[in-house]
Amino acid sequence: MKFEFANCDGKLKGTILAPVLQGASVPPRLLEEDKQGLIAKAMKAQNFTGKSGETCSVFINDLWLVLMGADPFEEPSAPWLQALGGHLAGLLSSLRQKEVMVCTSGLAQKMDMPAGKIAAHLAFGMGLGSYSFDVYKTEEKETQTVEKVVILSSDAEACEKAFEPLFAVLNGVYEARDLTTEPANMLSPGEFVEAVKALKLKGVTVKVLNKKQMEKLGMNLLLSVAKGAQEEPYLLVLEYLKGKKKQAPVLLVGKGVCFDSGGMNLKPSQHLSHMKYDMAGGAAVVGTLSAVSQMGLKENIVGVIPLVENMLSGHAMHTDDVVQSMSGKTVEVGNTDAEGRLILADALWYGQETYHPSIAIDIATLTGGMKFVLGSEYAALFSNHKALAEDLLKAADQTVMDKLWELPLHPSFAKMLKSDIADMNNISSANEAGSSTAAMFIQQFVQENVQWAHLDIAGVCWLNPGKPCAPKGATGFGVQLLTQYFVDKGRS
Ligand code: BES
Ligand code: ZN
Ligand code: ZN
């Protein structure tokens with residue numbers, strides 16, 4: 001779907017979507033077209049009061065107006081407008097039109113925000129909400145879908161300018177959703193690498209470590225997970241170094257398990273479904289670097305994505321294997337299904353040894369328990385540094401979808417990871433606090449003086465049913481959040 005911005009004093013044509021705030025006053029631009037008071041009549045006849053979820057159709061000559069009620073707002077904010085855009089996107093398919101216009105004059109009249117920003121945030125939300133993945137559909141869609149949306153406002157030029165950075169984020173979210181949706185037979189670790197190379201991200205240097213190189217470095221945790229699979233593992237490194245030369249980079253580490261069968265601790269059938277999305281963290285790192293590079297932010301960022309399949313074969317890692325990590329610490333593998341923390345540990349160590357970051361953030365579909373703890377509303381944030389946690393929470397608050405809730409890292413969680421014969425076990429001896437002990441495991445591989453945060457996105461990276469700004473399926477969680485984090489960081 002394409003977005004265009006136009007001034008609303010031009011001629012209106014075709015189908016026009018117009019959000020209306022509660023109290024249902026008619027958007028001023030539409031009133032100009034309505035000499036006979038048809039809109040007010042239609043509102044009355046259709047009992048339209050402007051409540052969220054209500055719509056009202058009006059025909060004025062060859063114009064088709066579709067009014068849509070909006071949630072009340074206390075403060076006009078970007079996330080509020082983006083959510084409204086998501087709701088508008090939900091209406092698009094029912095219109096069966098090729099092109100629609102969106103009239104923002106009703107919002108501009110009531111909101112204390114420049115017209116350009118209002119229209120841009122609305123367009124961003126519509127973009128988020130109208131994503132679909134049609135790569136493998138061979139049949140034409142039966143109904144007409146919207147191909148072009150023209151957003152009308154009093155200042156089209158300002159809209160275009162305000163939309164530019166948002167469009168970069170939208171692209172990043174789409175790329176993350178695409179990667180996450182690709183099934184494992186189409187996106188192996190090697191194909192993930194090729195797909196990222198094909199994106200040709202501006203200013204991003206792509207480096208790839210193969211199995212041999214990882215063997216030399218002693219990345220045995222990562223390699224042990226990959227042992228049971230036919231597909232070769234890779235470590236994908238994305239360097240974006242546009243900040244000050246002397247400034248230590250921020251390290252982003254994204255879990256890239258292209259399929260998680262559980263390995264020898266094989267998952268039961270119902271849990272095997274959709275385990276193609278166990279690389280959503282890696283996809284979020286790719287999407288973030290895509291957005292940040294398209295925006296040309298002046299930051300030093302390095303993305304490291306360990307790519308493996310967790311499979312079962314005669315070569316697979318056994319339960320209770322003891323493996324030495326790249327850091328030198330030894331790990332007893334109490335459960336082969338707790339593979340994410342293993343590959344992250346080596347990737348995090350590699351990133352720290354190679355790039356000496358001041359901040360490291362990992363993002364991963366780490367624990368199934370997340371769905372029970374925070375549902376599909378929040379990802380969990382764990383951190384060893386208060387200010388970093390606050391910065392991430394602040395960034396999250398500015399997004400429409402990527403919300404965070406902080407959970408604690410109690411020292412007792414580390415004790416639960418004790419092993420009788422190695423430095424630690426990869427699962428907890430106690431049947432509690434599973435997401436926290438997983439986070440605690442990763443913390444064992446954080447070097448001194450590195451500010452670290454861990455984001456567990458297992459509950460939010462895939463939605464069924466969907467939400468206004470994220471249709472059913474991959475959400476691209478993390479791209480908006482991390483990009484906003486870097487935007488804020490550049491300002492401070
Ligand atoms: N990839 C899974 C976590 C997951 C489950 C993500 C469901 C999304 C939806 C992870 O590798 C895993 O299997 N974790 C185990 C750990 C356990 C064996 C200690 C879990 O959470 O059950
Ligand atoms: Zn697993
Ligand atoms: Zn996993």
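Order of appearance sets the numbers: ligands from 1, and atoms from 1 within every ligand.
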**Report entry** Under 2.8 Å from the Zn ion (ligand 2), the protein N, O or S atoms, given as residue and atom
**Finding:**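 Result, waters dropped: D260 OD2, D337 O, D337 OD1, E339 OE1.
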Query raised in the report: Hey, would you say the H274 and W462 ring centroids sit under 6.0 Å apart?
Result: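 Yes, close enough.
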Query raised in the report: Can the ring centres of F163 and F3 be said to be less than 6.0 Å apart?
Result: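 Yes; F3 has its ring centre under 6.0 Å from that of F163.
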**Report entry** SB check E299 K489 (cutoff 4.0 Å)
**Finding:**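 Counted as a salt bridge, because a side-chain N and a carboxylate O are separated by less than 4.0 Å.
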Query raised in the report: So, are E377 and K403 salt-bridged, with charged N and O less than 4.0 Å apart?
Result: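 Salt bridge flag = no for K403 with E377.
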**Report entry** Residue pair V446 / L348, side-chain heavy-atom distance below 4.5 Å
**Finding:**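 Yes, their side chains come closer than 4.5 Å.
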Report, one line per pair, each donor and acceptor closer than 3.5 Å where one atom sits in a side chain of residues 253-271; sequence neighbours left out.
| unit_1 | atom_1 | unit_2 | atom_2 | d |
| --- | --- | --- | --- | --- |
| K255 | NZ | D278 | OD1 | 3.1 |
| K255 | NZ | D278 | OD2 | 3.2 |
| K255 | NZ | E339 | OE2 | 3.1 |
| K255 | NZ | T365 | O | 2.9 |
| D260 | OD1 | G262 | N | 2.9 |
| D260 | OD1 | N310 | ND2 | 2.8 |
| S261 | OG | G263 | N | 3.1 |
| S261 | OG | N310 | O | 2.7 |
| N265 | OD1 | T336 | N | 2.7 |
| N265 | OD1 | T336 | OG1 | 3.2 |
| K267 | NZ | D337 | OD1 | 3.2 |
| K267 | NZ | D337 | OD2 | 2.9 |

Cut-off 3.5 Å, no hydrogens considered: what does the side-chain donor-acceptor table look like for residues 222-236, sequence neighbours left out?
| unit_1 | atom_1 | unit_2 | atom_2 | d |
| --- | --- | --- | --- | --- |
| S224 | OG | N220 | O | 2.7 |

Report task. State whether the side chain of Y240 and the backbone N or O of L297 hold a donor-acceptor pair below 3.5 Å, judged by distance alone. Result ->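 Checking the backbone N and O of L297 against the side chain of Y240, a donor-acceptor pair under 3.5 Å is found.
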Query raised in the report: Are the side chain of D423 and the backbone N or O of T330 linked by a donor-acceptor pair below 3.5 Å?
Result: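 Yes.
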Report task. Let me know which protein residues bring a heavy atom to under 4.0 Å of ligand 1; chain then number is fine for ordering. Result ->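 Close residues (ligand 1, cut-off 4.0 Å): K255, D260, K267, M275, Y277, D278, N335, D337, E339, R341, T365, L366, T367, G368, I427, A458.
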